[in-house]
Structure formats: C-alpha cells, structure tokens
Amino acid sequence: SRYLASQKYRDAVKRWREKNPDIAKQRQREYYWNNVEKERERVKIYHENNPDRARESRKRWNKNNPDKVKKNSREYAKKKSATRKMMAIEYKGGKCEDCGIIGTMGNRSIFDFHHVEPSNKHNDVNEIQKQSLDKLKQELDKCVLLCSNCHRLRHQHYKDGLRDTL
C-alpha cells in the first residue's frame, strides 16, 4: 500500500514533468544551485558506485557538447600549467638565485629555469611540465631559478665569454 502510493506519486510527477518540461527544468536548476554541495556529493557517490554508467554518461555528454569539452580542456590545461609552474618555483626555493625576487602565483610568469650546464639539458622545462612530477624534478635539479632579467643577463655573459664571472 505504501509502495503503491509512492509509485502513484512518482507517476503523477513524471506526467507533470512531461507536460511542463520548461518549468520542470527551471525548478531542477534552482534546486541544484540551492543545494550545490549536497548535489555534488550525491553525484560523486553515484559515480563511485556506478563507474560504467558514469563513464557512458560522460562519453554521451562529451559527444553532445564538443565546444564545452574544448573550452574546459583549455581551462584545465591553463590551471594545471600555472599550478605546476608554481610547484616548480617552490621546489627551486621560491626566489631568483641572483637578485632574490620572491615568486608568487601573481608573478610566476617572470621566472625562468636556467640550465647551469646546457649540454645536460634533456628537454625544455615547459614541455616536461606536461609529464610526471618525477621527470619534472629530475630536469629541475639541473636548473637554477632566475627572474627573466637575470636570466637574460646570464645568457649575455655567456655570449660575451664571461661565463665564469657569475
């Protein structure tokens, strides 16, 4: 009897949603945004318990939303790159070895990783940032952290034959 009552209610709600899809969609959005944390946790638990269905759902969404996938991929790559660069800056001490300027998330773009011995240079650090942290650390161990001004000065000294003065 209780099951039948709940089934009748679900059927009535389903019929109402079919008759009023725009209102139903709007209410669903409002509920979601009023309960974001709760809904995200619910979805997370669902995905953990139903990995195959979640994977199929993601594939379907990706196929139906190629522009959003491209935009999200770009945004994710930018955030990951910024985070990796900041991690690399912190790994190398967080400041320019020559002038001492300190690295922050806001000024990370002024820093370069200078290979002390160019012949040991395996790869460009920017390319290695896309690989594992271990490979990144191996390459960073061959480098010193410099601000872009000091980096240019070092290269100018090398070109002028004054390599040993630094």
Side-chain angles (χ1 to χ4, degrees), residues 1-96 101-115 121-143 145-149 151:
S1 64
R2 195 176 220 184
Y3 173 76
L4 290 176
S6 64
Q7 187 61 42
K8 285 181 182 179
Y9 176 75
R10 283 194 296 266
D11 291 343
V13 168
K14 186 177 181 181
R15 283 192 304 276
W16 182 86
R17 283 186 179 146
E18 289 170 354
K19 288 180 184 176
N20 305 292
D22 294 337
I23 296 171
K25 192 81 165 170
Q26 181 61 31
R27 286 184 180 173
Q28 188 178 10
R29 277 193 204 109
E30 287 173 6
Y31 177 83
Y32 178 85
W33 288 111
N34 289 333
N35 300 283
V36 171
E37 293 303 318
K38 181 179 165 185
E39 283 297 297
R40 286 184 178 160
E41 185 62 28
R42 183 186 62 78
V43 168
K44 181 180 174 185
I45 291 169
Y46 176 82
H47 283 219
E48 288 170 356
N49 294 334
N50 303 285
D52 295 335
R53 293 180 99 181
R55 191 178 312 107
E56 289 303 317
S57 174
R58 263 192 313 277
K59 284 181 182 178
R60 218 176 19 258
W61 189 89
N62 288 346
K63 184 179 179 185
N64 294 333
N65 300 285
D67 294 340
K68 289 182 181 179
V69 170
K70 192 173 185 179
K71 180 183 173 216
N72 290 346
S73 296
R74 261 190 248 119
E75 288 175 4
Y76 174 77
K78 283 181 186 177
K79 285 180 186 176
K80 184 177 177 183
S81 175
T83 304
R84 282 280 181 101
K85 179 143 188 194
M86 212 48 229
M87 287 171 55
I89 290 170
E90 289 170 5
Y91 179 76
K92 292 306 292 181
K95 63 182 182 178
C96 174
I101 190 168
I102 296 173
T104 65
M105 197 63 167
N107 73 353
R108 70 184 179 279
S109 59
I110 68 166
F111 286 98
D112 296 327
F113 299 96
H114 175 71
H115 283 83
K121 185 175 181 176
H122 175 67
N123 238 333
D124 183 23
V125 175
N126 291 325
E127 285 302 312
I128 291 193
Q129 281 186 2
K130 299 172 188 170
Q131 297 176 12
S132 73
L133 285 175
D134 290 336
K135 286 185 179 180
L136 177 61
K137 286 180 179 179
Q138 285 175 359
E139 197 64 24
L140 287 173
D141 289 338
K142 304 173 193 172
C143 301
L145 181 65
L146 299 173
C147 69
S148 51
N149 288 341
H151 193 205

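- Annotation: salt bridge (charged side-chain N to carboxylate O under 4.0 Å, His left out) contacts of Lys44 (sequence neighbours excluded): none.
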### Step-by-step side chain to side chain contact (heavy atoms under 4.5 Å, CB included) determination, Tyr32 to Asn35
CA-CA 5 Å; Tyr32 178 85; Asn35 300 283; over 6 Å; no

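- No side-chain donor from either of Gln26 and Asp22 sits under 3.5 Å from a side-chain acceptor of the other.
- Summarising the geometry of Asp141 relative to Lys92, their closest heavy-atom pair is CA-NZ, 4.2 Å, with the distance given to 0.1 Å.
- Residue His115 holds its NE2 atom at 3.5 Å from SG of Cys143, rounded to the nearest 0.5 Å.
- Summarising the geometry, atom NZ belonging to Lys14 is positioned 9.0 Å from atom CD belonging to Gln7; distances are rounded to the nearest 0.5 Å.
- In terms of heavy atoms, Phe111 sits closest to Ile101 at CZ-O, 3.6 Å.
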### Full working for salt bridge (Lys or Arg N to Asp or Glu O under 4.0 Å) between Glu75 and Lys78
CA-CA 5 Å; Glu75 288 175 4; Lys78 283 181 186 177; over 6 Å; no

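- With sequence neighbours left out, the salt bridge (charged side-chain N to carboxylate O under 4.0 Å, His left out) criterion links Glu39 to Arg42.
- The main-chain N or O of Arg108 is found under 3.5 Å from a side-chain atom of Lys85 such that the two form a donor-acceptor pair.
- Under the salt bridge (charged side-chain N to carboxylate O under 4.0 Å, His left out) criterion, Asp52 pairs with Arg55, sequence neighbours left out.
- Summarising the geometry, atom CG belonging to Asp67 is positioned 10.5 Å from atom NZ belonging to Lys71; distances are rounded to the nearest 0.5 Å.
- In this structure, the side chain of Ser73 engages the main chain of Val69 through a donor-acceptor pair within 3.5 Å.
- Heavy-atom minimum distance, Cys147 versus Cys96: N-SG, 3.3 Å.
- Atom CZ of residue Arg58 and atom CH2 of residue Trp61 lie 11.5 Å apart, to the nearest 0.5 angstrom.
- The distance from the CD1 atom of Ile102 to the CD1 atom of Ile89 is 12.5 Å, given to the nearest 0.5 Å.
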